[in-house]
Amino acid sequence: MIAILSALLPTFALIILGFGLRQRQFLPDAFWPGAEKLTYFVTFPALLFSNTAKADLGSLPLFGIAAAILGTVAICAILIVAIKPVLKVSPAAFSSLFQGAIRPNTYIGLAVAAALLGDNGLTVTALCVALVVPSVNVLSVLACAHWGDNDRKTGVVSLLRDVIKNPLLMACVLGSLVNVMGFGLPPVIGPFLEVLGRAALPIGLLAVGAGLDLTAARRAGIPVGLSTLGKLAMSPAIAAGLCMVFGVPSADMAAVVLYAALPCSASAYVLARLMGGDAQMMASIITVHTLVAIGSMPIIAILVHAV
């Protein structure tokens, strides 16, 4: 237990540091959007590409991992739609609750995997990213188009184009292709990408902390509380059950379950604002999820290591 906490605490300490730096205005506000853009388009893709390109994908139970993580997303999406009448919120607010039920914060996921699970865990998490990112993007856009307060019509071609252009997905796919074809990472480019990728986790986590909105968190009500319980407790429980059903080994299961236990991604706020979701509720969900995850993820990590 001490080893797990020692591995995870620096990850969450960076989030808290990012929040503190933003509150104290140690850096100008203009710094943070640039940091997020650098992380999203440059450093995280470098990390994902270099890791998948050199990983031993042949040793992974690919079908079991895919079935478990995609099954978790599907079940969570179905459950949130099933309880919609009980929630008694506006359609726009429900579109934000829907995003909160399925969208994971990849930055935190990769940081936790790197700190706690080593190269194999990082590879499994990268595989989860490649599978989940397109799935939740499509579902979230459809949810916002259907329930959001907007007149935007999202065509299938436009939707697929946006998903395909996602830099995290492209990095995983290209890295996997390099891996499967046996090219390997070239002598100069490989070390360059690995060094570049090391900047992804600290910058990404600082940006996560800087994006927290405690004012929005204070407005959180019962729907946000249910969203937090579902995403941070029910989702990993579902993932654990599916991993057992599909025979995923314990080492790989730990990465899948922790990925399912991630708080909602900050990108959900951008989509909610652009497509007529309840942006204030989305900000509450993201902040509450992240703050609660600081306590819940170490507990889940301890539980999965005990299995």
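Since the structure is predicted, the reported quantities are computational estimates derived from the model, not experimental observations.
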With sequence neighbours excluded, tell me which residues meet side-chain hydrogen bond (donor to acceptor under 3.5 Å, both in side chains) with [X].
X: Ser176; value: none
X: Gln23; value: none
X: Ser140; value: Arg103
X: Asn51; value: Thr123

Any [X] side-chain heavy atom under 4.5 Å of [Y] side chain:
X: Ser265; Y: Thr106; answer: no
X: Val256; Y: Leu242; answer: no
X: Leu117; Y: Leu122; answer: no
X: Phe49; Y: Leu185; answer: yes
X: Thr215; Y: Thr287; answer: no
X: Pro45; Y: Leu168; answer: yes
X: Thr52; Y: Asn179; answer: no
X: Leu139; Y: Phe98; answer: yes

Say you draw a straight line from [atom1] of [X] to [atom2] of [Y]; how long is it, rounded to the nearest 0.5 Å?
X: Ile286; Y: Asn105; atom1: CD1; atom2: CG; answer: 9.0 Å
X: Ile75; Y: Ile80; atom1: CD1; atom2: CD1; answer: 14.5 Å
X: Ile16; Y: Leu206; atom1: CD1; atom2: CG; answer: 11.5 Å
X: Ile108; Y: Thr125; atom1: CD1; atom2: OG1; answer: 13.0 Å
X: Tyr259; Y: Leu127; atom1: OH; atom2: CG; answer: 10.0 Å
X: Ile83; Y: Leu226; atom1: CD1; atom2: CG; answer: 6.0 Å

So, using ring-ring contact (aromatic ring centres under 6.0 Å, His included) as the criterion, who are the partners of [X] when residues are at least two apart?
X: Phe94; value: Trp147
X: Tyr107; value: Phe44
X: Phe246; value: Phe63

With a 3.5 Å distance limit and no angle check, can you tell me whether [X] reaches the backbone of [Y] through a side-chain donor-acceptor pair?
X: Ser95; Y: Ala92; answer: yes
X: Lys231; Y: Ala260; answer: yes
X: Asp252; Y: Val248; answer: no

Partners passing side-chain contact (heavy atoms from CB on, under 4.5 Å) against [X] (at least two apart in sequence or in another chain):
X: Ser59; answer: Asp56
X: Ala199; answer: Thr43, Ile203
X: Leu70; answer: Leu131, Ser135
X: Ser227; answer: Leu97, Ile285, His289

Checklist entry - So if you build clusters from Ile, Leu, Val, Met, Phe, Trp, Tyr with side-chain heavy-atom gaps below 4.5 Å, do Val245 and Leu79 land together? => result yes

Next on the checklist: Tell me whether Val124 shares a hydrophobic cluster with Leu62, the cluster being built from Ile, Leu, Val, Met, Phe, Trp, Tyr side chains joined at under 4.5 Å.
Outcome noted: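 Yes; Leu62 is reachable from Val124 via cluster members.
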
Checklist entry - Is the number of heavy atoms from other residues, nucleotides or ligands under 6.0 Å of Ile189 CD1 greater than 12? => result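 Not more than 12 within 6.0 Å, no.
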
Checklist entry - For atom NZ of Lys84, is the number of surrounding heavy atoms from other residues, nucleotides or ligands below 6.0 Å larger than 12? => result yes

Item to check | Residue pairs passing the salt bridge (charged side-chain N to carboxylate O under 4.0 Å, His left out) test where at least one lies in residues 185-208, sequence neighbours excluded | outcome: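 Counting only pairs at least two positions apart or across chains, the salt bridge (charged side-chain N to carboxylate O under 4.0 Å, His left out) contacts touching residues 185-208 are Lys54-Glu194.
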
Item to check | Leu21/Trp32 under side chain to side chain contact (heavy atoms under 4.5 Å, CB included): CA gap, chis, key distance, verdict | outcome: CA-CA 10 Å; Leu21 292 174; Trp32 298 109; 4.0 Å; yes

